[in-house]
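Since the structure comes first, as structure tokens, the remarks are kept for the end.
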Amino acid sequence: MSNVPSELKYVASHEWIRDEGEGVVTIGITDHAQELLGDVVFVELPDLGAEISAGDEAGVVESVKAASDIYAPLSGTVIAINEELEESPELVNSDPYGDGWFFQLRISDEEEMDELLDADSYTEQCEAE
């Protein structure tokens with residue numbers, strides 16, 4: 001099984017969520033997702049200031065094999081995007097939980113955090129796929 005850091009939260013659509021505190025979260029795709037995609041060649045991120053709801057399409061990640069939608073795991077306002085991915089989309093492959101992050105949200109509903117998967121639950125889901 002690929003790398004699944006225990007300090008992060010996850011959703012079934014293979015995005016990870018890091019709680020930065022004070023209502024801010026960082027979001028990216030999991031190691032498992034980037035392995036399935038293969039070499040990432042392009043990432044389309046949401047606009048700064050965009051209001052998005054949990055489950056909404058928030059962007060697209062394209063690889064040599066396929067294109068896949070990125071879904072917002074939580075509702076909120078986009079307060080930062082990883083501009084490095086414009087020039088270096090391969091960061092998603094080399095460092096999915098670090099330099100390969102996608103965007104940050106100021107979440108609007110703290111209770112949505114309770115719906116996220118922990119590392120063990122996400123791992124079980126991936127093994128069942």
Close side-chain approach of V4 and D31, heavy atoms under 4.5 Å: no

All pairs passing salt bridge (Lys or Arg N to Asp or Glu O under 4.0 Å) where residues 6-26 contributes a residue, at least two apart: R18-E20

For E44, all residues meeting side chain to side chain contact (heavy atoms under 4.5 Å, CB included), sequence neighbours excluded: F42, V60

S108 and E51: CA distance, side-chain angles, deciding distance, side chain to side chain contact (heavy atoms under 4.5 Å, CB included) verdict: CA-CA 9 Å; S108 56; E51 296 283 336; 5.8 Å; no

E57 atom CD: more than 12 heavy-atom contacts under 6.0 Å: yes

Full working for side chain to side chain contact (heavy atoms under 4.5 Å, CB included) between I107 and M113: CA-CA 9 Å; I107 58 175; M113 294 286 284; 4.0 Å; yes

Side-chain donor/acceptor of T77 to backbone N/O of G49, under 3.5 Å: no

Side chain to side chain donor-acceptor pair (under 3.5 Å) contacts in which one or both residues fall within residues 87-101, not counting sequence neighbours: Q34-N93

Taking every non-hydrogen atom, the tightest pair across A72 and I52: CB-CD1, 3.6 Å

Side-chain (W16) to main-chain (I29) donor-acceptor, under 3.5 angstrom: yes

For K65 against G38, the heavy-atom pair lying closest together: CE-CA, 4.2 Å

Chi angles and distances behind the side chain to side chain contact (heavy atoms under 4.5 Å, CB included) call for D69, V61: CA-CA 6 Å; D69 292 332; V61 59; over 6 Å; no

Residues in ring-ring contact (aromatic ring centres under 6.0 Å, His included) contact with Y71, at least two apart in sequence or another chain: none

For F102, the option from N82, T26, L85 that meets side-chain contact (heavy atoms from CB on, under 4.5 Å): L85

Linked, directly or transitively: L8 and F103 (ILVMFWY side chains, under 4.5 Å): no

Nearest non-hydrogen partners of P46 and I81, listed with the distance: O-CG2, 3.3 Å

S121 and D118 side chains, donor-acceptor separation under 3.5 Å: yes

Point-to-point distance, once rounded to the nearest 0.5 Å, from CZ of R106 to CG of L74: 13.5 Å

Heavy-atom donor-acceptor pair, S75 side chain to S53 backbone, under 3.5 Å: no

Heavy-atom pair with the smallest gap, counting every atom of Q125 and A12: OE1-CA, 2.9 Å

Intermediate values then yes/no, side chain to side chain contact (heavy atoms under 4.5 Å, CB included), L116 and V11: CA-CA 6 Å; L116 302 175; V11 288; 3.4 Å; yes

Separation between CD of Q104 and CD1 of I27, rounded to the nearest 0.5 Å: 9.0 Å

L36: partners by side chain to side chain contact (heavy atoms under 4.5 Å, CB included), with sequence neighbours left out: H32

Linked hydrophobic residues, I79 as query - side chain contacts closer than 4.5 Å: V24

Any donor-acceptor N/O pair, E62 side chain to S68 backbone, under 3.5 Å: no

Same cluster (ILVMFWY, side-chain, under 4.5 Å), V25 and L117: no

Close side-chain approach of P5 and Y10, heavy atoms under 4.5 Å: yes

Check: Y122/T30 side-chain N/O donor and acceptor closer than 3.5 Å: yes

Pairwise side-chain contact, P73 with I17, heavy-atom cut-off 4.5 Å (strictly under): yes

